[in-house]
Every structure is written in C-alpha cells, then in structure tokens.
Enquirer: 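Sharing a structure with you now.
Just so it is clear: chains get the letters A, B, ... in the order the sequence lines come, proteins before strands, and each one is counted from 1. Since the structure is predicted, the reported quantities are computational estimates derived from the model, not experimental observations.
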Amino acid sequence: MTEIRLSNTKTRRKEVFTPIDPENVRMYVCGPTVYDRAHIGNARPVIVFDVLFRLLRHVYGADHVTYVRNFTDVDDKINAEAQRRKDAGDPRSLEELIRERTDETIRWYHDDMGALGNLTPSAEPRATEYIGQMIAMIADLIARGHAYEKEGHVLFRVRSYEGYGKLSGRSVDDMIAGARVEVAPFKEDPMDFVLWKPSTDDLPGWESPWGRGRPGWHIECSAMSHELLGDSFDIHGGGIDLQFPHHENEIAQSMCSHPEVEFARVWMHNEMLQVEGKKMSKSLGNFFTVRDLLDQGVSGEVIRFVYLSTHYSKPMDWTVEKAVAAEAKIHGFIELVAMYGDLEEAKALEPEKAVIDALSDDLNTHAALEVISKMTDAGTASRLARNLVFIGLFTYERLAERVNDYRMGLALLQSKAVELQKLRDEAILSKDFSRVDVFKEMLARANVSVQMTKTGVHLRPEMDFDPAKLEALK
RNA sequence: GGCGGGUUGGCGGAGAGGUUACGCAGCGGAUUGCAAAUCCGUGAAGACCGGUUCGAUUCCGGUACCCGCCUCCA
C-alpha cells in the first residue's frame, strides 16, 4: 500500500498517515459561511483538500473515505443581507429571505467550486440542521463543568481544559497579556468564548434550555463532525487563519465532550493567498471572486493549475503572469491528447505511480504537475489524459469537449492548409512570397499556428482559436 | 506588543549537509523563402550577518522585509 506522509500542524512534523479505520478514512474540512460568492482565497483549501480526498480515495478505495465539509448558514452577514432585501421592499419574511440567500450562495459555491474541478464531499452539512446536536453538546459541556451559563449566554471555560493553546503554540497567559479584546462582563475569564448566545425576536433563533438563541461559530464544527464522523477521526483541515481561535476552540469543545479519545489525529492547514504580491483586500482594489475570474474567461483548469503549482503550506501568489503561463500549458495538454490520445483507453489506466508518490509526500502537487508535464510525446497522450483527470484538472467529459473542439478546429483548417500549400508552391517558383505572407498573417490573426516544412504546410489551432474569425477572412 | 509561516537564478518552483533539480523566458547553433514548431548546446541562485561542520542554499542564532493569527475575515 502507498505510504502517505502528511505535515501535522499539531506535532509540527511530517508523519506517516495511518488511518483509524482503513475501511472508513474520515476527514473534516471547515467550509464557507454562505453569505456571498466565494473569493479566490476561499478556493485554496477547497482545492488542497480535494486533492487529498482524491489521493485517499485512490489509496483506500473510493467507498472507504468520508469527507465532510460544512456550510455555516447562521451568521450576522447573512442576516444583514436578508435585512437589506427586506428594507428594499421585499414582502417576504426575514426567515424566507435568509433561506433564499443561503440557498443561492450554496448553489453558487457548488457551481464555482465545481468549475475548479473539485469533487463534492461525502457530506455537506448545514449548521442549521444540527442545532439539536449543538444544544446537546453544550448541555453536556455544562454538566461536565467545562461551560457555564450567564445572562442568556453559554460560555466555554477555557481554564478547564489544560490542552488549550497547544495546536497554535500559544499559552493562555500570553494571549491575555497581548490581547486587545474587550472583556464582556459575563465572562469568568477573558479567554472564554461563546457556545450559545441569545437572539432577538426578529433574528433567527432556536429554543434551548438557556432561552431562545443561536449557537456560537465554533460549536458548529464540533457538533457536525461528531455527528458525521464520530468521537475521533483522521484528518481535520482548513486555512491557517482558522488555526486560532477556531480550531483551538473546536479541540477544546470536542476533547472535553469526549475526553477518552483524540478528536482529530492529523491537523492540516493551508497557507494564505495573495494577489500580485499583496494581500487581497477590498481597499486595495485587488479583491475578486472565483466567478469574476471565470467570467473573464480564465478557465477552471487554468485556475486549478496555478493553485496546484504552489505547495499548500506556502503562501501562494495569484498573478496574471501565472495564469497566462498555465493557459499555455493546458493548451499543450489538450493538443497532445487531441492528436494522439484516446480517452476510452485513458479510463482503463491507473494514475501514474510517480504522481501518486509525489502527492503522497505531503501533497507535493507541484512535483505531481512536473511529472504530468513531462508526458509530452505521442505514446504518453492517453496516460496524460488519465492523470489530468486524476488530479482534477479535467473531468473526462470536459476533456472530451476540449479535445473535440481542438479536433474540429484542426479539421476546419484542412482546406486552409491546402490553399496555403498551393500559394506556397506557386511562390517557390515565382520567388514572390507576398501572397503567402498575407495569407499567413490572416491565419495568425485567427490564432492559427502556421508551420511550413519540407513535408508541407501544417496548421494548428492555438489557444484562442476562433473559427468565426477564420470565416471572416474570406 | 505576543505567536506562527515565508524569503532560492529574469520568472515560477522543488529536493537533498557534499553530486546538473526541473519548467518557462534568454542566448548560441541546426532547420526555414521569412517565420513557427522541433532538436542540440549554454550562462544564471539560494534576503542579510554570524555560528556548528572538513564542507551549508540545506542545521542553529540574530537582522531585514513580506504574510497570517491574536478582532467569529479562508
């Protein structure tokens, strides 16, 4: 069996991965708060853990991996957007508007992440569907002395869990010393965090032993992962920004609820994304969503290629230059598959061992792409196709589409090649190449690559080949 | 202020205490009516300052810069 090694944030070491139960390898990744379109930073953990999901499925079998990624659909920003619509005159109830907003955002999320080649996780729980489990967990934490109720709030007693701060390498005392947090009067200790808080009548809320209210953010993940993956599971993932406080709090909640076992065995965090060397922010004007890129014509496979070029544990820079380079590379892949590949044959192949080995070494996606990029001759075309699909740059359907487009373009260029050949033959005799050059120039404008060799004229569609432009040349 | 991560040739980007990473771009050549494509060849690095070592880009310490978290923003 392939040995997978993963960097564990908890131990700060690269470790051999051994699942609790190879028949059911379990992974939880923190998903989005569904208030708006996913921006390009949101896509990074999705792609990173999608590759891990694919690798685990390959090694342990597609039916032996459970991947859970939640949707947080309780949030002030969601409420605010719904309220905005209501204020704008929408006659429906706030509850209906909230539901509409979360539903549409989830739909967008699926569309956008799907366009980037991500598989759908095994389960995508919505927080609002697990309120009962959250209440039960909170009640249990109170019973065990790890939480307390005060003024309608339930707070987690951070000092009651001695392991607090281990994941992020912080001591509670240091944090308080350097903290700039406003201490709510109902907190026993400044570090205590909210498990449950009261809700006003006009905002979403659920009945609980502590009155009508709603859950804190951190308890969602503890409750949902427990419900779907059990007391203990293999891998917990997310962005490095979630390491503290979110993941630290999750560990505290879950470990105090189920102290007899380890909550998540391996913690993995992806580094952040920048844009053209700078932090992405609305104020710098370099903020954009995945949908923005797709609408600009940057294809999902190009975006994914750029993401996979940088190891997940390093900061990644999104640049136009990278996107352009990736596009050329992707075009080369399609060309090779179109010329020499056979997708039916590809489907029967196993992914390349060197690709699996690279990914097994702490998800070295860059090395995997290097292996794939070296498949450049006719004999490797079907293998190339197989591996492109494996790593998620294409589905077979999407690849077939692109390959067919290329082949159709090629067929369309046949008559042009004959024409050019004729002009060239004449020119060789007359020594006057002006008509050949004009024709060549027109082809170039339609994004056709022109090659003239001793064996004849060869025309191939380039990246932005446009058959319509070709017709216009007549 | 506290904690954590990063810094490799023009660009992207790895591994490894000592042997060419690699890709793209560049340059030289072959080829071409001119090109393109292809093939052959080739220069170029390890932020800075110390330390450990026979030897460090790789280990340790410090400095600078960038980024994240500490504020329910991935």
Enquirer: Going by atom types alone, do A/D76 and A/Y35 pair a side-chain donor with an acceptor below 3.5 Å?
Expert: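 Per modelled atom types, A/D76 and A/Y35 side chains form no pair under 3.5 Å.
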
Enquirer: Using atom CD1 of A/I330 as one end and atom P of B/G23 as the other, report the distance to the nearest whole Å.
Expert: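 Atom-to-atom, A/I330 to B/G23, this comes out as 18 Å.
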
Enquirer: Pick from A/F49, A/W267, A/Y67: which one makes a ring pair (Phe, Tyr, Trp, His ring centres under 6.0 Å) with A/H236?
Expert: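 Only one of A/F49, A/W267, A/Y67 forms a ring pair (Phe, Tyr, Trp, His ring centres under 6.0 Å) with A/H236, namely A/W267.
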
Enquirer: Round to a whole Å and report the spacing from CZ of A/F193 to P of B/U71.
Expert: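 That distance rounds to 13 Å.
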
Enquirer: Roughly, in whole Å, what's the span from CD1 in A/I428 to P in B/U32?
Expert: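 Computing the A/I428:CD1 to B/U32:P distance gives 11 Å.
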
Enquirer: Check A/R84 with A/E81, please: is the shortest side-chain N to carboxylate O separation under 4.0 Å?
Expert: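 Yes, A/E81 and A/R84 are salt-bridged.
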
Enquirer: Would you say A/R304 and A/N118 are linked by a side-chain donor-acceptor pair, where the criterion is simply a distance under 3.5 Å?
Expert: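 Present: a donor and an acceptor within the cut-off.
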
Enquirer: With a 4.0 Å cut-off on heavy atoms, is A/V436 in touch with a base, just the backbone sugar-phosphate, or nothing at all?
Expert: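 Touches a base.
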
Enquirer: Give me the distance, rounded to whole Å, that separates B/G43 from B/G6 when you measure between the C1' atoms they each carry.
Expert: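 Between the two C1' atoms, the distance is 29 Å.
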
Enquirer: Between B/U58 and B/G51, how far apart are the C1' atoms? Round to whole Å, please.
Expert: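 The answer is 15 Å between these two C1' atoms.
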
Enquirer: Using the P atom in both, what is the distance from B/G10 to B/C39, to the nearest Å?
Expert: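 That atom pair is separated by 26 Å.
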
Enquirer: Measure from the side chain of A/Q274, starting at C-beta and using heavy atoms only, and say which of B/C69, B/A74, B/C67 lies closest.
Expert: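 Closest nucleotide among those given: B/C67.
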
Enquirer: Do A/Q421 and A/D425 have side-chain N/O donor and acceptor atoms under 3.5 Å apart?
Expert: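 A/Q421 vs A/D425: donor-acceptor pair found between side chains.
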
Enquirer: Taking 4.0 Å as the cut-off, does a side-chain nitrogen or oxygen of A/K314 come that near to OP1 or OP2 on B/C67?
Expert: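 Indeed not, no polar side-chain atom of A/K314 lies that close.
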
Enquirer: Evaluate salt bridge (Lys or Arg N to Asp or Glu O under 4.0 Å) for A/D112 paired with A/R291, printing each intermediate quantity in order.
Expert: CA-CA 6 Å; A/D112 296 348; A/R291 180 51 50 185; 2.7 Å; yes

Enquirer: What integer distance in Å separates A/M316:CE from B/G6:C1'?
Expert: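 Those two atoms, CE and C1', are 15 Å apart.
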
Enquirer: At under 4.0 Å between heavy atoms, what does A/T319 touch on the DNA or RNA strands: base, sugar-phosphate, or nothing?
Expert: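 A/T319: no heavy atom of the nucleic acid under 4.0 Å.
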
Enquirer: Touch check for A/H39, heavy atoms < 4.0 angstrom, all strands: base, sugar-phosphate only, or nothing?
Expert: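 Since a base atom lies under 4.0 Å of A/H39, the category is base.
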
Enquirer: Do the two ring centres, one from A/Y161 and one from A/H146, sit under 6.0 Å apart?
Expert: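 So the answer is no for these two rings.
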
Enquirer: Nearest-Å distance, NZ (A/K14) to C1' (B/U58)?
Expert: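 Those two atoms, NZ and C1', are 14 Å apart.
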
Enquirer: B/C24 and B/G41: how far apart are their P atoms, nearest whole angstrom?
Expert: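 Their P atoms lie roughly 14 Å apart.
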
Enquirer: Closer than 4.0 Å, any side-chain N/O of A/K322 to the OP1 or OP2 of B/G13?
Expert: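 Yes, within the criterion.
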
Enquirer: Rounded to whole angstroms, how far apart are CE on A/M280 and C1' on B/G68?
Expert: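 Rounding to the nearest Å, CE of A/M280 and C1' of B/G68 are 13 Å apart.
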
Enquirer: Show me the dot-bracket string of RNA chain B, counting Watson-Crick or G-U pairs under 3.5 Å, with | for pairs to another strand and [ ] for crossing ones.
Expert: (((((((..(((.....[...))).(((((.......)))))....(((((..]....))))))))))))....

Enquirer: Is there a donor-acceptor contact under 3.5 Å linking the side chains of A/E124 and A/H110?
Expert: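 Per modelled atom types, A/E124 and A/H110 side chains form a pair under 3.5 Å.
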
Enquirer: With A/M280, which residues qualify under side-chain contact (heavy atoms from CB on, under 4.5 Å), at least two apart?
Expert: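 Applying side-chain contact (heavy atoms from CB on, under 4.5 Å) to A/M280 gives A/H39, A/I40, A/V275, A/N286, A/F287.
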
Enquirer: If you assign A/H366 and A/E370 each to the RNA chain B nucleotide with the nearest heavy atom, which residue ends up on the more 5' nucleotide?
Expert: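 Result: A/H366.
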
Enquirer: Quick one: is B/G13 close enough that its OP1 or OP2 comes under 4.0 Å of any side-chain N or O from A/T310?
Expert: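 Checking B/G13 against A/T310, a side-chain N or O does come within under 4.0 Å of OP1 or OP2.
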
Enquirer: Whole-Å distance between B/G4 C1' and A/H269 NE2?
Expert: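 Nearest whole value for this atom pair: 11 Å.
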
Enquirer: Would you classify A/S309 as touching base, sugar-phosphate or nothing, given that sugar-phosphate means primed atoms plus P, OP1 and OP2, and contacts are heavy atoms under 4.0 Å?
Expert: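 Sugar-phosphate, no base atom in range.
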
Enquirer: For B/G50 and B/A64, measure between their C1' atoms and round to the nearest Å.
Expert: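 Pairwise C1' distance, B/G50 against B/A64, rounds to 15 Å.
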
Enquirer: Mind checking A/L369 for me? I need base, sugar-phosphate or nothing, with any heavy atom below 4.0 Å counting as a touch.
Expert: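 The residue A/L369 makes no contact with any strand.
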
Enquirer: When you compare the protein's N or O atoms with those of nucleotides 34-38 of chain B, which come within less than 3.5 Å of each other, and at what distance?
Expert:
{"unit_1": "B/C34", "atom_1": "O2", "unit_2": "A/K440", "atom_2": "NZ", "d": "2.8"}
{"unit_1": "B/C34", "atom_1": "N3", "unit_2": "A/K440", "atom_2": "NZ", "d": "2.6"}
{"unit_1": "B/A35", "atom_1": "N6", "unit_2": "A/M452", "atom_2": "N", "d": "3.3"}
{"unit_1": "B/A35", "atom_1": "N6", "unit_2": "A/M452", "atom_2": "O", "d": "2.3"}
{"unit_1": "B/A35", "atom_1": "N1", "unit_2": "A/M452", "atom_2": "N", "d": "2.9"}

Enquirer: Between atom CD in A/E321 and atom P in B/G23, what is the gap in whole Å?
Expert: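 Atom-to-atom, A/E321 to B/G23, this comes out as 18 Å.
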
Enquirer: Between B/G13 and B/A44, how far is it from one C1' atom to the other, in whole Å?
Expert: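 So the two C1' atoms sit 16 Å from each other.
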
Enquirer: If you find the nucleotide of RNA chain B closest to A/H311 and the one closest to A/P215, which residue's nucleotide is nearer the 5' end?
Expert: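 Final value for this comparison: A/H311.
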
Enquirer: Determine the Euclidean distance between corresponding P atoms of B/G4 and B/G61; express it in Å to zero decimal places.
Expert: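 B/G61 and B/G4 have their P atoms separated by 11 Å.
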
Enquirer: Hydrogens and angles aside, do A/H331 and A/E335 bring a side-chain donor and acceptor to less than 3.5 Å of each other?
Expert: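 No pair is found: no donor N or O on one side chain lies under 3.5 Å from an acceptor on the other.
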
Enquirer: If we ignore hydrogens and angles and just use 3.5 Å, is the side chain of A/Q243 paired with the main-chain N or O of A/L167 as donor and acceptor?
Expert: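 Such a contact is found between A/Q243 side chain and A/L167 backbone.
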
Enquirer: By the 4.0 Å heavy-atom rule, please label A/Y35 as base, sugar-phosphate, or nothing.
Expert: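 Answer is sugar-phosphate: A/Y35 comes under 4.0 Å of backbone atoms only.
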
Enquirer: Out of B/C22, B/C73, B/G33, which has the shortest distance to the side chain of A/K374?
Expert: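 Among the listed nucleotides, the one closest to the side chain of A/K374 is B/C22.
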
Enquirer: Distance check, C1' atoms only: B/G9 and B/U63, in whole angstrom units.
Expert: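 Per the computed distance, 24 Å lies between those C1' atoms.
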
Enquirer: Decide if the gap between the ring center of A/H366 and the ring center of A/H311 is smaller than 6.0 angstrom.
Expert: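 No, too far apart.
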
